[in-house]
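What follows is a set of notes on a single structure, which appears directly below.
All figures in this text were calculated on a predicted structure; none of them were measured in a lab. Values below: all heavy atoms of this structure, side chains included; hydrogens, waters and symmetry mates excluded. Whatever order the structure lists them in is the order used to number ligands and atoms, beginning at 1.
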Amino acid sequence: MLEVRSLSKSFGGIVVADNIDLSMRKGRVLGLIGPNGAGKTSLFNLISGLFPADAGTITLDGKPLDRLALHQRARLGLSRTWQHVRLFPSLSVIDNLIIAARDYPGERLTSVLLTPGKVRTAARSAREKARETLERMGLGNTAEKSVGDLPYGQQKLVGVARALMNDARCLLLDEPMAGVEGRTYEAMQRVVREVASSGVAVCVVEHNVAFIRDLCDEAVFMFQGRILGRGSVADLTANPQLTELYFGH
Ligand SMILES: Nc1ncnc2c1ncn2[C@@H]1O[C@H](COP(=O)(O)OP(=O)(O)OP(=O)(O)O)[C@@H](O)[C@H]1O
Ligand SMILES: [Mg+2]
């Protein structure tokens with residue numbers, strides 16, 4: 001579904017992506033592991049369109065994304081979460097989702113005055129969709145609470161819920177488990193599995209190797225902007241050179 005070919009990017013002297021090839025398949029969860037500073041978040045930034053690549057191509061279902069901005073890629077179903085939750089803490093959980101809905105008309109005075117019926121219908125369908133998404137993720141009872149009042153792990157789940165509001169077909173999760181423990185751990189696992197089995201291509205960056213091992217048939221290992229290996233998590237973690245690069249750094 002998502003194909004990255006020969007992708008490269010550097011900032012001054014720092015090479016964050018060095019000729020990367022990566023493919024993600026529909027219905028599968030791909031793990032992305034590697035030590036701090038390997039370039040994992042930068043790769044997500046390049047794929048989602050936060051900044052442009054220096055070279056290489058990215059296609060989603062064969063459609064080139066390279067010239068499209070972040071919001072245009074999102075419109076095509078490319079969705080991501082952030083390593084540190086980026087939610088509006090004083091807004092309610094459901095409002096955080098509603099504002100992420102595709103084609104949400106917002107509060108533009110012209111549309112409210114000229115097409116009030118259309119605005120009402122769109123607002124209603126965004127709210128219904130947000131509610132369904134929260135129910136599906138076991139967050140139904142948090143809908144009206146302020147996001148900032150939720151435990152951190154639940155905020156991470158809300159981040160995933162928000163990423164699903166644009167009918168994601170390809171979902172990039174940046175350290176969904178960092179700071180998450182207990183029951184939320186299982187909830188996150190269940191949600192990611194469910195999303196993938198609904199046909200979404202998922203890629204998960206995680207330092208929690210157990211989480212990746214339980215979830216992914218396959219993972220890639222990244223170091224200094226390069227992909228050094230692809231295979232089962234068991235194979236990658238049994239490779240002494242890769243573990244040395246991981247723990248040695
Ligand atoms: N916008 C930027 N400008 C300059 N350097 C950057 C920028 N973004 C990332 N870097 C550098 O690129 C390298 C890779 O960073 P990145 O955040 O992608 O690593 P990571 O694999 O996600 O690490 P972590 O596991 O700690 O989250 C780092 O050396 C970082 O300082
Ligand atoms: Mg990172």
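Within ligand 1, the atoms closer than 4.0 Å to a non-hydrogen atom of Ser42 are 9 (C), 14 (C), 15 (O), 16 (P), 18 (O), numbered from 1 in the order shown. Set against the non-hydrogen atoms of Asn36, the atoms of ligand 1 under 4.0 Å away are 23 (O), 24 (P), 25 (O), 26 (O). Every atom of ligand 1 is numbered from 1 in the order shown, and the set under 4.0 Å from a heavy atom of Thr41 is 17 (O), 18 (O), 20 (P), 22 (O), 27 (O).
Checking side-chain atoms of Asn19 against main-chain N and O of Ser8 turns up no donor-acceptor pair under 3.5 Å.
Summarising the local packing, CZ of Arg190 is surrounded by more than 12 heavy atoms from other residues, nucleotides or ligands at distances under 6.0 Å. Counting non-hydrogen atoms of neighbouring residues, nucleotides and ligands closer than 6.0 angstrom, the CZ atom of Phe88 reaches no more than 12 such neighbours. Sparse packing is recorded around CZ of Arg226, with 12 or fewer heavy atoms of other residues, nucleotides or ligands lying under 6.0 Å away.
Of the heavy atoms in Val16, only side-chain atoms (C-beta onward) come closer than 4.0 Å to ligand 1. Counting heavy atoms closer than 4.0 Å to ligand 1, residue Gln83 contributes side-chain atoms (C-beta onward) but none from N, CA, C or O.
None of the N, O or S atoms belonging to Asn36 lies under 2.8 Å away from the Mg ion (ligand 2). Not a single N/O/S atom of Ser42, whether from backbone or side chain, sits less than 2.8 Å from the Mg ion (ligand 2).
Of all the heavy atoms in Arg73 and Ile47, the pair that sits closest is NH1-O, 2.9 Å.
Protein non-hydrogen atoms do not reach within 4.0 Å of atom 30 (C) of ligand 1.
Looking at Gly37 next to ligand 1, an N or O pair under 3.5 Å apart turns up. Looking at Ala38 next to ligand 1, an N or O pair under 3.5 Å apart turns up.
Under a hydrophobic clustering in which Ile, Leu, Val, Met, Phe, Trp and Tyr are joined whenever their side-chain heavy atoms come within less than 4.5 Å, directly or via other members, Tyr246 and Leu242 fall into the same cluster.
Residue contact check for ligand 1: Glu175 places a non-hydrogen atom closer than 4.0 Å to it.
Atoms OG1 of Thr41 and OE1 of Gln83, as seen from the Mg ion (ligand 2), are separated by an angle of 80°, to the nearest 10°.
If you take CZ on Arg80 and CG on Asp174, they are separated by 6.0 Å, rounding to the nearest 0.5 Å.
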